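Working notes for the structure below.
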Amino acid sequence: MTIQELEQCIALYGKDIYSFCAHLTNNRESAEDLYQDTFLEAMKKITDIRYRDNPKSYLLSIALRLWKNRLRKAAWRNRIAPQVEEDSITEIPAVNEEDFLSKMVWDEEKKNLWIAIHHLSDNLRIPLLLFYMEELSISEISKLLSIPQGTVKSRLYNARKQLEKELEDYFI
């Protein structure tokens with residue numbers, strides 16, 4: 001891949017990669033750091049990226065690997081010297097609707113859905129985000145996470161069931 005092709009990838013997939021980072025970290029500052037580090041890592045590995053083979057998937061895998069490394073390092077630091085974590089504030093994008101009440105209901109439903117998604121374990125949340133947010137196929141998720149396609153399917157099924165169970169009181 002050339003630098004110009006990487007610039008095209010940033011233009012084409014930058015918003016998707018940032019959105020994925022934001023939903024992984026659930027924190028704006030961490031998402032921005034992860035997003036920047038993803039493209040810095042891509043610059044280091046520019047010769048390994050094949051522009052014609054689905055660079056978005058490769059960039060998502062870089063972001064996911066970096067995020068997992070950060071979690072692992074944070075867990076290690078927390079075992080050595082526990083720290084008090086601040087609550088992160090989830091930003092919900094505004095919806096352009098004229099009816100204020102409808103907008104409030106929509107925002108509340110969306111907020112509750114994202115809270116429920118963030119309560120899922122990483123094993124369930126990551127395939128769910130990749131499938132519904134990034135619109136990757138099951139085979140692409142399988143390759144990205146290095147797990148069998150059947151495992152991806154079962155994790156998606158289990159994630160949907162857990163979301164249904166957690167949200168059933170809210171939507172009834």
Side-chain angles (χ1 to χ4, degrees), residues 1-76 88 90-95 110-164 166-167:
M1 176 180 276
T2 65
I3 292 179
Q4 290 79 17
E5 290 173 333
L6 183 60
E7 288 174 356
Q8 287 177 343
C9 285
I10 293 170
L12 289 172
Y13 309 124
K15 288 181 181 178
D16 294 338
I17 302 297
Y18 179 79
S19 177
F20 183 68
C21 292
H23 289 295
L24 276 179
T25 61
N26 198 27
N27 178 309
R28 176 180 258 169
E29 291 175 12
S30 297
E32 290 172 359
D33 289 344
L34 182 59
Y35 176 78
Q36 289 176 358
D37 290 346
T38 298
F39 285 104
L40 285 174
E41 189 71 20
M43 281 295 296
K44 290 178 191 174
K45 299 182 181 242
I46 198 163
T47 58
D48 296 341
I49 304 172
R50 287 183 235 122
Y51 186 70
R52 292 168 185 33
D53 281 357
N54 191 0
K56 180 181 176 182
S57 180
Y58 191 82
L59 293 170
L60 288 170
S61 70
I62 290 173
L64 187 59
R65 183 176 44 81
L66 290 172
W67 178 72
K68 284 182 178 181
N69 286 343
R70 287 181 181 179
L71 284 182
R72 196 171 26 256
K73 287 177 184 178
W76 181 254
S88 62
T90 304
E91 266 190 41
I92 300 172
V95 178
K110 197 170 186 180
K111 179 180 139 192
N112 286 326
L113 176 62
W114 281 114
I115 288 170
I117 288 171
H118 285 287
H119 284 140
L120 293 173
S121 69
D122 290 341
N123 283 344
L124 300 178
R125 184 167 47 103
I126 291 169
L128 190 80
L129 291 174
L130 291 171
F131 188 75
Y132 288 107
M133 260 188 57
E134 301 305 325
E135 298 177 355
L136 295 181
S137 68
I138 290 178
S139 64
E140 289 172 323
I141 296 170
S142 171
K143 289 177 189 173
L144 194 127
L145 298 177
S146 301
I147 56 176
Q149 289 185 22
T151 304
V152 173
K153 289 177 184 178
S154 69
R155 288 182 183 178
L156 287 172
Y157 174 81
N158 289 332
R160 286 188 292 259
K161 285 296 179 190
Q162 282 190 14
L163 286 175
E164 183 181 318
E166 188 165 335
L167 295 171

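Since the structure is predicted, the reported quantities are computational estimates derived from the model, not experimental observations.
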Can you tell if the side chain of [X] reaches within under 4.5 Å of the side chain of [Y], non-hydrogen atoms only?
{"X": "F39", "Y": "I62", "value": "no"}
{"X": "L60", "Y": "L136", "value": "yes"}
{"X": "H23", "Y": "S19", "value": "yes"}

Once rounded to the nearest 0.5 Å, what's the spacing between atom [atom1] of [X] and atom [atom2] of [Y]?
{"X": "F20", "Y": "L59", "atom1": "CZ", "atom2": "CG", "result": "11.5 Å"}
{"X": "C21", "Y": "E32", "atom1": "SG", "atom2": "CD", "result": "10.5 Å"}
{"X": "S57", "Y": "Y13", "atom1": "OG", "atom2": "OH", "result": "10.5 Å"}
{"X": "T38", "Y": "M43", "atom1": "OG1", "atom2": "CE", "result": "14.0 Å"}
{"X": "I17", "Y": "I10", "atom1": "CD1", "atom2": "CD1", "result": "10.0 Å"}
{"X": "L64", "Y": "K68", "atom1": "CG", "atom2": "NZ", "result": "4.5 Å"}

query = Any salt bridge (Lys or Arg N to Asp or Glu O under 4.0 Å) pairs touching residues 54-66, not counting sequence neighbours?
reply = D16-K56, E41-R65, K56-E134

note = The complete set of salt bridge (Lys or Arg N to Asp or Glu O under 4.0 Å) pairs with one or both residues in residues 138-152, sequence neighbours excluded, reads none

message = So, using ring-ring contact (aromatic ring centres under 6.0 Å, His included) as the criterion, who are the partners of F131 when residues are at least two apart?
response = none

request  = Applying ring-ring contact (aromatic ring centres under 6.0 Å, His included), name anything that partners Y18, two or more places apart in sequence or on another chain.
outcome  = Y35

What residues, two or more places apart in sequence or in another chain, satisfy side chain to side chain contact (heavy atoms under 4.5 Å, CB included) together with [X]?
{"X": "D122", "answer": "W67, L71, R125, I126"}
{"X": "E164", "answer": "K161"}
{"X": "A116", "answer": "L163, E166, L167"}

note = Taking every heavy atom of P127 against every heavy atom of L124, the minimum-distance pair comes out as CD-O, 3.5 Å

task = Considering non-hydrogen atoms only, spot the tightest contact between T25 and S30 and give its length.
result = CB-CB, 3.8 Å

request  = Go through the structure and list residues passing side-chain hydrogen bond (donor to acceptor under 3.5 Å, both in side chains) with S146, not counting sequence neighbours.
outcome  = none

key: N123: side-chain hydrogen bond (donor to acceptor under 3.5 Å, both in side chains) partners, not counting sequence neighbours   = none

message = Donor-acceptor check, side chain of S142 to backbone of I138, threshold 3.5 angstrom: yes or no?
response = no

message = Run the side chain to side chain contact (heavy atoms under 4.5 Å, CB included) test on W114 and N26 for me, step by step, so that the C-alpha distance in whole Å, both residues' side-chain angles and the decisive distance to 0.1 Å come before the verdict.
response = CA-CA 10 Å; W114 281 114; N26 198 27; over 6 Å; no

query = Tell me, which pairs form a side chain to side chain donor-acceptor pair (under 3.5 Å) where one or both residues lie in residues 150-160, sequence neighbours left out?
reply = Y132-R160

